[in-house]
Amino acid sequence: MRAPSLSLAAVVAAATVLVLAAMTPAAEAGLCSKACDKWSPCCVPSANGAFCANQAWGCMESEGCDKDSSYNKMCTPRPMCKSFREDFNSPASLIDKYNYTGDPDAVHFWREFPGADYAEVENGNLVLSLKWNDKLGRGQGATIPSVRWMQYGTVSARIKTASGPGVVSSFITKTDISDKVGDEIDWEFIGANATEVQTNSYWNGNIDYTRGKQYLLPAGQSTTNEYHVYTIDWSPERIKWQVDGNTIRTMTPADVKNEFPTAIARVYFSVWDGGCNQPPGTTKWALGPTEWCNDASKRGDVKKMYIDWVEVKCATEDSRDTKEFKPTIVPPTSASGANNAPKSTIKGTSSGTTTDESAGGSSSSKNPKDGGDNGATSVIASIMAVSVPIVAAVAALF
Ligand SMILES: *[C@@H]1O[C@H](CO)[C@@H](O)[C@H](O)[C@H]1NC(C)=O
Ligand SMILES: *[C@@H]1O[C@H](CO)[C@@H](O)[C@H](O)[C@H]1NC(C)=O
């Protein structure tokens with residue numbers, strides 16, 4: 001264990017101050033250099049600097065919305081847990097993040113980068129794809145977070161995972177950096193070993209891989225050939241991981257020196273390339289190299305993970321009115337539009353999740369077998385890529 005969370009946080013914080021200094025004129029209090037107007041009311045950080053968003057996702061506290069520079073301090077609270085079952089029976093059960101209306105009852109999951117070519121609803125399944133990407137020099141996969149957050153409760157999903165060396169499928173709960181760095185509860189599936197499932201947890205950004213455990217499925221079963229129901233049953237007293245209703249692991253706070261996930265989290269599904277252009281420990285863990293890494297003739301292959309359904313049972317139900325989550329975004333009239341319409345009708349390609357690091361879903365679990373430096377570097381890189389905007393928003397308040 002060589003990546004104490006404090007130093008990690010310090011590095012991120014220091015980098016954040018620099019990023020912030022570079023993008024915000026000194027005299028301004030808020031994150032955006034200019035107060036946002038009612039046509040683009042919400043100031044949201046992004047990898048390319050903060051901007052005034054005219055879409056509901058940019059108004060969400062959970063996306064880093066900055067009250068100080070938002071119009072009428074308009075930022076919407078995090079939608080918390082409401083129990084649901086999603087069968088993915090309609091294409092409408094998955095939307096683009098940038099089409100989110102602000103109604104967390106309207107949809108359970110959205111597509112994070114990179115979009116529709118990587119995550120689709122097909123034949124009653126949510127299908128996530130991993131495809132070769134020349135620019136990255138490895139596969140680019142999909143990441144799908146839930147719209148609502150949870151803290152304790154049960155999440156089950158019926159999944160058939162992606163196969164092949166280096167290919168990793170993940171089903172996890174995960175916080176973001178503004179809550180607490182890196183609490184996670186993980187299921188991970190190594191595409192080259194379909195007889196095994198892996199469980200893990202992380203707490204407060206502590207990169208301690210020793211908490212990962214592997215389990216063999218009953219003889220004749222496979223993660224990639226058929227569907228199984230995987231469950232995370234999470235309470236303050238213990239986490240249970242179950243396959244098809246059978247508990248394979250129970251972990252208590254005492255088992256992990258009280259380094260036990262407690263922070264609110266979203267549910268994520270992702271498929272990612274752990275076996276190409278990754279640190280050696282990651283590649284080894286993922287049983288890489290991925291076929292396309294050294295064999296260009298494989299680069300047209302698509303690796304797929306199938307999610308038939310997801311069921312969330314919350315420990316605590318969110319009883320707030322859905323209206324609370326809906327920002328008021330006034331479309332510009334032609335008269336007002338001429339002068340006041342926002343420069344930034346940015347569609348969100350710079351949302352801060354544009355790197356494939358987010359495709360790992362489980363950023364801190366990317367290098368389970370890498371000691372110290374590789375692990376820490378990769379985690380910092382992925383935290384920077386995915387979460388700096390949110391830290392920036394927090395830092396701007398001080
Ligand atoms: C998102 O909105 C755009 C433009 O309004 C539309 O073309 C597209 O189909 C929508 N996508 C989804 C997945 O809802
Ligand atoms: C697959 O996983 C099982 C259980 O963890 C392990 O015993 C076996 O050695 C693994 N096979 C390979 C090829 O890694």
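Order of listing sets the numbers, starting from 1, for every ligand and every atom in it.
Considering backbone and side-chain atoms together, Glu196 places an N or O closer than 3.5 Å to an N or O of ligand 2. At under 3.5 Å, a nitrogen or oxygen of Asn193, whether backbone or side chain, sits near a nitrogen or oxygen of ligand 2.
Note on ring orientation: taking the six-membered ring where Trp is involved, the planes of Phe109 and Phe269 are tilted (angle from 30° to 60°).
Remark: atom 7 (O) of ligand 2 lies closer than 4.0 Å to no protein heavy atom.
For ligand 2, the atoms lying closer than 4.0 Å to a non-hydrogen atom of Leu216 are 3 (C), 4 (C). Annotation for ligand 2: atoms under 4.0 Å from non-hydrogen atoms of Gln214 are 5 (O).
Of the residues Trp272, Trp187, Tyr268, the one that meets the side chain to side chain donor-acceptor pair (under 3.5 Å) test with Ser170 is Trp272.
Between Phe88 and Val310 the shortest side-chain heavy-atom distance falls below 4.5 Å.
Enclosure of atom CG in Asn123 is not indicated, since only 12 or fewer non-hydrogen atoms of other residues, nucleotides or ligands lie within 6.0 angstrom.
Alongside Val229, the hydrophobic cluster contains Trp309 (criterion: ILVMFWY side chains under 4.5 Å).
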